[in-house]
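Working notes, beginning with the structure itself.
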Amino acid sequence: MLAWGLVLPVAMAALGAATPAEPVPAAAPLPYHSSDQTLGTVNCASSTCHGSISEFRDSKVLQTEYVTWSRLDKHTRTYQVLLNAQSARIAKNLGLPEPPQESAVCLDCHAHNVPVALRGERFKLADGVVCESCHGPAERWIKTHLEPNPSHARNLAAGLYPTDQPIARARLCLSCHFGNADKLVTHRLMGAGHPRLSFELETFSMIEPAHFRLNGPASAEVMRWDGVKIWAIGQALAVSESMSILLSPKRGRDGIFPELVLFDCHACHHPMSEQRWKPHAEFGLRQGPGIARLNDSNLLMMRVIARQIDPALGARITAQAARLQAASAGQGDVTAEALALRAQAEELAGQIEASSLGPAFLRGIALGLIDEGLSGNYADYAGAEQATMSLGSVIDYINRQHLLRSPGELNGALQRLNTTLVNDEHYRPADYEAQLRDLRGLLSRQ
Ligand code: HEC
Ligand code: HEC
Ligand code: HEC
Ligand code: HEC
């Protein structure tokens, strides 16, 4: 127990204290919504700009970003993937009129597919997910960021996308890795052969080879990386985006059916001989047999976070989630309930961004994630998968604050938890819960 009482090295003021960060520019448009021109990656690649092979010691930024991205980052391959046999098969199964590398359905996520009029002379679609896909089209900010004393605020005003702000970053990554009202890996795409998307913001942020200083930018204007905040905001915004998809007239339906990716895949995809249903209450709602339930994996994570930040909000979210699940099964108005839940998710994301999350919060979150599972709420593979990535992110963060006595043991327990998820079709909640119980025991002894 002792370690939990230590003061974290980063300022850990009481919950609710605002961090001294740039004010979030009122919902910066996502890079692909910008009306500025995209100049093209070659403009960033010079060795005196971002294409240096060694770090610039006196620079605010590494200046090796292009080398990291072009050699190590999978985002450079996203367009090439559209030329492979799997993509050809997906396009053929969908009956797309053009090849995948020419279809907006694919290019919207696998490249920087901005309108032709906004593509500069040196722009190449084949470069994939490029600097400007994340940092925003550079037409205006190229000048401000080359000023002798560049200011982050001036760059943002000139169209630089605020990747340092967790909410803005979450919206950006989720737009391709989870989908939003504009673009989505629909159930039809999955049926045609597209892999199921599995995403947790902080886990993916850590897997992506970093082309920036993880321990904080040199410039005080830029927000520091805070892994647990990024994880928590990623959860709240995934709920918000899934509500937008549900509400979107373009995305929410598929013929007479709702869009099936919004539901738990394994509610439908499991052998009929395997009778799984048992009485079970979640969000205070008794789940009836034979009903396809909305995928609630991010909602469960979000509830754990909300309970730690503000128990009253946690209770409201629980009640709202129950109303939405009931409405989706025919008892209530889905639109009204989804709108209300989206508003709560956005409210929570704002609260997380403005909070400092201390050791008691971290411990509460880690145990809360486990206890949801021990109450039987990860009966679905998607919930268990999301909880596992979340526990990995949160425990890793706790470890980096030097709050663990035996990180090696915890790592072993996390790995054993992971092995119960190797095959989604053979997921057995009882095995998963047994590993969770072990992890809880270890964690409570730290
Ligand atoms: C909403 C965004 C989105 C859309 C739309 C989309 N994809 Fe993807 N696709 C992804 C992401 C994200 C991944 C990576 C999944 C991962 O590794 O987590 C991916 C992975 C793939 C893969 C597997 C790549 C590999 O390395 O194994 C193929 C093939 C693919 N997509 C083809 C297509 C084709 C063809 C289309 C159009 C019919 C398409 N995608 C539409 C986001 C999208
Ligand atoms: C997939 C999205 C993505 C792509 C592609 C991308 N970046 Fe980044 N970049 C980020 C994120 C996230 C950060 C970390 C947050 C921050 O500091 O803004 C970052 C940070 C940076 C920083 C440090 C900013 C600072 O003030 O500390 C620089 C410089 C940078 N990127 C340049 C580039 C260049 C050049 C390219 C292309 C070669 C590129 N990035 C491609 C997402 C991306
Ligand atoms: C414009 C769409 C787009 C955006 C924005 C985007 N990604 Fe990706 N990302 C992709 C696609 C498509 C792939 C799949 C590449 C492949 O499998 O070949 C991918 C792959 C990845 C991978 C490799 C996954 C693996 O299976 O190894 C990581 C990690 C990743 N992205 C993290 C991020 C993060 C973090 C952000 C936000 C800072 C982000 N991405 C923003 C489209 C995007
Ligand atoms: C409400 C029920 C339902 C849900 C929920 C559902 N599916 Fe499906 N799925 C179907 C049906 C029906 C088919 C069509 C089966 C056929 O063609 O015989 C299908 C087909 C598929 C196929 C193609 C299988 C084949 O044999 O070609 C894939 C892959 C797939 N779904 C993946 C998913 C994923 C991933 C999810 C969750 C994100 C999901 N499904 C959620 C009902 C569902």
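Reckoned from all heavy atoms, side chains included, excluding hydrogens, waters and symmetry mates. Counting starts at 1 for both ligands and their atoms, following the listed order.
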Discussion item. For a salt bridge (Lys or Arg N to Asp or Glu O under 4.0 Å) check, start with the C-alpha distance between Asp182 and Arg251, then their side-chain angles and the critical distance, and finish with the verdict.
Written reply: CA-CA 8 Å; Asp182 299 331; Arg251 294 283 171 218; over 6 Å; no

Practice prompt. Go through ligand 2 atom by atom and flag the ones less than 4.0 Å from a non-hydrogen atom of Arg169.
Written response: 12 (C), 15 (C)

Practice prompt. May I ask you to list the atoms of ligand 3 that are less than 4.0 angstrom from any heavy atom of Leu172?
Written response: 5 (C)

Worksheet entry | Enumerated ligand 3 atoms positioned under 4.0 Å from heavy atoms of Ser205 | 35 (C)

Discussion item. Are any of the N/O atoms on Glu65, whether in the backbone or the side chain, positioned under 3.5 angstrom from an N/O atom of ligand 2?
Written reply: no

Worksheet item: Mind checking whether Arg77 has an N or O less than 3.5 Å away from an N or O of ligand 3?
Response: yes

Discussion item. So for ligand 2, is Trp225 a polar contact partner (N or O within less than 3.5 Å, distance only)?
Written reply: no

Worksheet entry | Ligand-side contact atoms (ligand 2) for residue partner His75, heavy atom cut-off under 4.0 Å | 1 (C)

Practice prompt. Check whether any side-chain N or O of Asn93 sits under 3.5 Å from a backbone N or O of Ala192 as a donor-acceptor pair, and report yes or no.
Written response: yes

Fill in: Thr163 contact mode with ligand 2 (heavy-atom cut-off under 4.0 Å)
both

Worksheet item: Going by the order shown, which atoms of ligand 2 are within less than 4.0 Å of some heavy atom of Val129?
Response: 5 (C)

Worksheet item: Going by the atom numbers of ligand 4, which of them fall below 4.0 Å from some non-hydrogen atom of Asp264?
Response: 5 (C)

Item to complete: Check His112 against ligand 3 and report side chain, backbone, both or neither, counting heavy atoms closer than 4.0 Å.
Response: neither

Fill in: Any donor-acceptor pair under 3.5 Å from Glu65 side chain to Gly51 backbone
no

Discussion item. I want to confirm something. Looking only at heavy atoms, which of His135, His50, Glu132 is nearest to atom 33 (C) of ligand 2?
Written reply: His135

Worksheet item: If you measure from each non-hydrogen atom of His211 to ligand 2, which part falls under 4.0 Å: side chain, backbone, both or neither?
Response: side chain

Worksheet item: Would you call the rings of His211 and His135 parallel, tilted or perpendicular, where under 30° means parallel and over 60° means perpendicular?
Response: perpendicular

Worksheet item: Taking distance alone, with no angle check, do Ser133 and ligand 3 share an N/O pair under 3.5 Å?
Response: no

Worksheet item: Close to atom 8 (Fe) of ligand 4, meaning under 2.8 Å, how many protein N, O or S atoms are there?
Response: 2

Discussion item. Suppose I only count heavy atoms of Val81 and a 4.0 Å limit; which atoms of ligand 3 are within that range?
Written reply: 18 (O)

Worksheet item: Has Glu208 got any heavy atom lying under 4.0 angstrom from an atom of ligand 2?
Response: yes

Fill in: Residues, nucleotides or ligands: over 12 heavy atoms within 6.0 Å of Arg253 CZ
yes

Worksheet item: Is a side-chain donor or acceptor of Asp254 paired with a backbone partner of Phe257 at a separation under 3.5 angstrom?
Response: no

Practice prompt. Give the numbers and elements of all ligand 2 atoms closer than 4.0 Å to a heavy atom of Val130.
Written response: 5 (C)

Worksheet, complete the sentence: Heavy atoms of Pro166 and Glu353 approach each other most closely as CD-OE2, 2.9 Å

Discussion item. Quick check on side chain to side chain donor-acceptor pair (under 3.5 Å): which of Ser390, Ser205, Ser393 does Trp231 satisfy it with?
Written reply: Ser390

Worksheet item: Just by distance, do the side chain of Ser34 and the backbone of Asp36 share a donor-acceptor pair under 3.5 Å?
Response: yes

Practice prompt. Using distance alone, decide if ligand 2 has a nitrogen or oxygen within less than 3.5 Å of any nitrogen or oxygen in Tyr66.
Written response: no

Practice prompt. Indicate the ring-plane relationship of Phe212 and Trp225, choosing parallel, tilted or perpendicular according to the 30° and 60° boundaries.
Written response: parallel

Worksheet item: How far apart are the closest heavy atoms of Glu385 and Leu421, and which atoms are they?
Response: CA-CD1, 3.8 Å

Response to the item:
ligand 2 to Cys134, heavy atom cutoff 4.0 Å, flagged ligand atoms 1 (C), 2 (C), 3 (C), 4 (C), 5 (C), 42 (C), 43 (C)

Item to complete: Can you label the angle between the Trp141 ring and the His145 ring as parallel, tilted or perpendicular, going by 30° and 60°?
Response: perpendicular

Worksheet item: So, Gln165 side chain and Ile167 main chain: donor-acceptor pair closer than 3.5 Å or not?
Response: no

Item to complete: Tell me which one of Cys173, Gly234, Cys176 gets a heavy atom nearest to atom 1 (C) of ligand 3.
Response: Cys176

Discussion item. Between atom 8 (Fe) of ligand 3 and His177, which N, O or S atom of the residue is the nearest one?
Written reply: NE2

Discussion item. Strictly distance-based, threshold 3.5 Å: is any side-chain N or O of Asn180 a donor or acceptor partner for the main-chain N or O of Lys183?
Written reply: yes

Discussion item. If I apply the N/O under 3.5 Å rule, does Lys74 come out as touching ligand 3?
Written reply: yes

Worksheet item: Just wondering, do Leu294 and Leu299 contact through their side chains at under 4.5 Å, heavy atoms?
Response: no

Practice prompt. Kindly indicate whether the side chain of Leu62, heavy atoms from C-beta on, has any atom under 4.5 Å from the side chain of Arg213.
Written response: yes

Worksheet item: More than 12 heavy atoms of other residues, nucleotides or ligands under 6.0 Å from CD of Glu425: is that the case?
Response: no

